Trainee: 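So that we are looking at the same thing, I have put the structure below in structure tokens.
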Amino acid sequence: DRAVQSSGTLNINSGIVANTATTGSISEDEVPYTMVCSGTININGGIVRAISSDIVSQYGIHTTGTMTMTGGTIETVGTALYTSGSGNTTISGGTITAGGINNTTGRPTINHKSTGTLQITGENTVEVYSRIYTSIYNQLTGNIKISNPNADLTALVRAIHNVSSGEIVMDAGLATITSTTSTGNCVHNAGDGKIIINGGTVQAQTNSTIYNATGTVEVNGGTISSISGITNDAGGTIKVTGGTITGTTSQGILNNGDGTIYITGGTITGNNVGLNGNTDSTGTVTITGGTITGTTITGIHGKWGTVTLGT
């Protein structure tokens, strides 16, 4: 059920490593991997491919050790890269693509289940593309850092999904979703983890660009744009010190429930309202800097627990 299994050092510089799965539904424990490695993987070129009839949960690479990718291609039906254990993964070049699976709701292109760090670094082109679901799925407490200005994370539903208490830092690059009908968010902070945007571009065509539940989102730079910029939900915290946040149809930032927002800088613009609190909001907003504009209605609007302007 796998083409390569290694516990030492594996170097891939050219050629094709492929695995073809039998048609049918396969349980998670029976997932057919093209490669399973517990040691060190260095991918500098070539193709790692998982081929099937598009109805099985087929993965490309499962690594529990250390992985470095400077070039080449990983292309699969299911998840292209699955990390677990505590090893670190560094990607500085190449293309990673995952497709849809008909008997599930889809698989992420990269499933980062390791407690280690996943880095997308360097300046060479890095493409992480999902045809149906999520580009990067941070499942546990691991950290993800994106510093490559030529990184392109494109997905149908979510470019980045932070599930638990991990931290994701975006210094550069592009994160985008392509669906014009989906209710997905480009960056989805589902748990109590942290998302830090220092640069780059985060964009969507529908719904909020960034959704925050009980965790923290910090915007220190970069460009965030969709029909609604950021939604803060379920007691989460938003901190804005810089950058540009734009809601092209509705608000720049929406605060739901008892969330907390600190704004000390940056530019926040909504087509109707810059900063909006819904009718159930009992949250706290503190504004000591920045520019907040509502194009058609007002800059700050809604029902709030407490709003403080200035120090």
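Bear in mind that the values here come from a model prediction, so they are computed numbers and not experimental data.
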Trainee: Taking all non-hydrogen atoms of both residues, which atom of Gly78 and which atom of Ala98 are closest, and how far apart?
Mentor: O-CB, 3.1 Å
Trainee: I would like to know whether Thr214 and Asp192 meet side chain to side chain donor-acceptor pair (under 3.5 Å); could you show each step before the answer?
Mentor: CA-CA 5 Å; Thr214 57; Asp192 58 356; 5.6 Å; no
Trainee: Step by step, would you call His301 with Asn272 a side-chain contact (heavy atoms from CB on, under 4.5 Å)?
Mentor: CA-CA 10 Å; His301 178 269; Asn272 51 22; over 6 Å; no
Trainee: Got Thr121 and Thr90 here, is their nearest side-chain heavy-atom distance under 4.5 Å?
Mentor: yes
Trainee: May I ask whether Ile224 and Val273 are part of the same hydrophobic cluster, defined by side-chain heavy atoms of I, L, V, M, F, W, Y residues being less than 4.5 angstrom apart, directly or through others?
Mentor: no
Trainee: Where do Thr34 and Val17 land on the side-chain contact (heavy atoms from CB on, under 4.5 Å) test, with the steps shown first?
Mentor: CA-CA 7 Å; Thr34 301; Val17 181; 3.8 Å; yes
Trainee: Checking side-chain contact (heavy atoms from CB on, under 4.5 Å) for the pair Leu174/Gln203: CA distance, chi angles, key distance, verdict?
Mentor: CA-CA 8 Å; Leu174 171 67; Gln203 63 187 24; 4.0 Å; yes
Trainee: How far does OG of Ser208 sit from CD1 of Ile227, to the nearest 0.5 angstrom?
Mentor: 7.0 Å
Trainee: Heavy atoms only: give me the nearest Val163-Gln139 pair and the separation to one decimal.
Mentor: CB-O, 3.9 Å
Trainee: Less than 4.5 Å apart, side chain to side chain, heavy atoms only: is that true for Ser225 and Thr248?
Mentor: yes
Trainee: With a 4.5 Å cut-off on side-chain heavy-atom distances among I, L, V, M, F, W and Y, is there a chain of contacts connecting Tyr211 to Ile168?
Mentor: no
Trainee: Check the angle between the aromatic planes of Tyr33 and Tyr82 and answer parallel, tilted or perpendicular using the 30° and 60° thresholds.
Mentor: parallel
Trainee: How long is the gap from CG on Asp171 to CD1 on Ile120, to the nearest 0.5 Å?
Mentor: 12.0 Å
Trainee: State whether the side chain of Thr79 and the backbone N or O of Pro108 hold a donor-acceptor pair below 3.5 Å, judged by distance alone.
Mentor: yes
Trainee: Answer yes or no: is there a side-chain heavy-atom contact under 4.5 Å between Tyr129 and Thr95?
Mentor: no
Trainee: So Thr288 and Tyr262, side-chain contact (heavy atoms from CB on, under 4.5 Å) or not? Walk me through it.
Mentor: CA-CA 8 Å; Thr288 60; Tyr262 300 97; over 6 Å; no
Trainee: Closer than 3.5 angstrom, by distance alone: can the side chain of Ser164 be matched with the main-chain N or O of Gly166 as a donor-acceptor pair?
Mentor: no
Trainee: Do Leu81 and Met67 have side chains that get closer than 4.5 Å, going by heavy atoms?
Mentor: yes
Trainee: Could you check Thr244, Ile230, Thr241, Ile253 and say which one makes a side chain to side chain contact (heavy atoms under 4.5 Å, CB included) with Val219?
Mentor: Ile230
Trainee: Write down the atom of Gly116, the atom of His112, and the distance for their closest heavy-atom approach.
Mentor: O-NE2, 3.0 Å
Trainee: Looking at Leu10 and Met35, what are the two nearest heavy atoms and their distance?
Mentor: CD2-CE, 3.2 Å
Trainee: Could you tell me the separation between the CD atom of Gln251 and the OG1 atom of Thr246, rounded to the nearest 0.5 Å?
Mentor: 12.5 Å
Trainee: Hey, is the main chain of Thr178 close enough, under 3.5 Å, to the side chain of Gln205 for a donor-acceptor pair?
Mentor: yes
Trainee: Determine whether Asn88 and Gln119 satisfy the following criterion, side chain to side chain donor-acceptor pair (under 3.5 Å), listing intermediate values before the conclusion.
Mentor: CA-CA 8 Å; Asn88 296 324; Gln119 294 189 77; over 6 Å; no
Trainee: Within the side chain of Thr260, is there an N or O that forms a donor-acceptor pair under 3.5 Å with the backbone of Thr284?
Mentor: no
Trainee: Are any non-hydrogen side-chain atoms of Thr76 and Arg107 less than 4.5 angstrom apart?
Mentor: no
Trainee: Hey, what do you get for CD1 (Ile292) to CD1 (Ile263), rounding to the nearest 0.5 Å?
Mentor: 4.0 Å
Trainee: Quick one: does any side-chain atom of Ser226 pair with a main-chain N or O of Asn207 as donor and acceptor, under 3.5 Å?
Mentor: yes
Trainee: Is a donor on one side and an acceptor on the other found under 3.5 Å between the side chain of Thr216 and the backbone of Lys194?
Mentor: no
Trainee: Tell me, do Ile160 and Leu153 make a side-chain contact under 4.5 Å, heavy atoms counted?
Mentor: yes
Trainee: What are the two closest heavy atoms between Met170 and Gly173, and how far apart are they?
Mentor: CE-O, 3.3 Å
Trainee: Would you say Val169 and Ile136 are hydrophobically clustered, going by side-chain heavy atoms of ILVMFWY under 4.5 Å?
Mentor: no
Trainee: Would you mind reporting whether Val128 and Ile91 have side-chain heavy atoms less than 4.5 Å apart?
Mentor: no
Trainee: Can you name the closest pair of heavy atoms from Ala213 and Gly191 and give their distance?
Mentor: CB-O, 4.3 Å
Trainee: Around atom NZ of Lys145, are there more than 12 heavy atoms of other residues, nucleotides or ligands at under 6.0 Å?
Mentor: yes
Trainee: Using a 4.5 Å cut-off on heavy atoms from C-beta on, say whether the side chain of His62 contacts that of Ser84.
Mentor: yes
Trainee: To the closest 0.5 Å, what do you measure between CE (Met69) and OG1 (Thr89)?
Mentor: 11.5 Å
Trainee: Quickly, which of Thr154, Asn148, Asn150 forms a side-chain hydrogen bond (donor to acceptor under 3.5 Å, both in side chains) with Asp152? Name it, please.
Mentor: Thr154
Trainee: If we check side-chain hydrogen bond (donor to acceptor under 3.5 Å, both in side chains) with Asn212, which of these qualifies: Asn162, Asn189, Asp233?
Mentor: Asn189
Trainee: Report yes or no: do Val4 and Ile41 belong to one cluster of Ile/Leu/Val/Met/Phe/Trp/Tyr joined by side chain heavy-atom distances under 4.5 Å?
Mentor: yes
Trainee: Nearest 0.5 Å, what's the CG-CD1 distance between Asn220 and Ile196?
Mentor: 7.0 Å
Trainee: Tell me whether Leu275 shares a hydrophobic cluster with Val307, the cluster being built from Ile, Leu, Val, Met, Phe, Trp, Tyr side chains joined at under 4.5 Å.
Mentor: yes
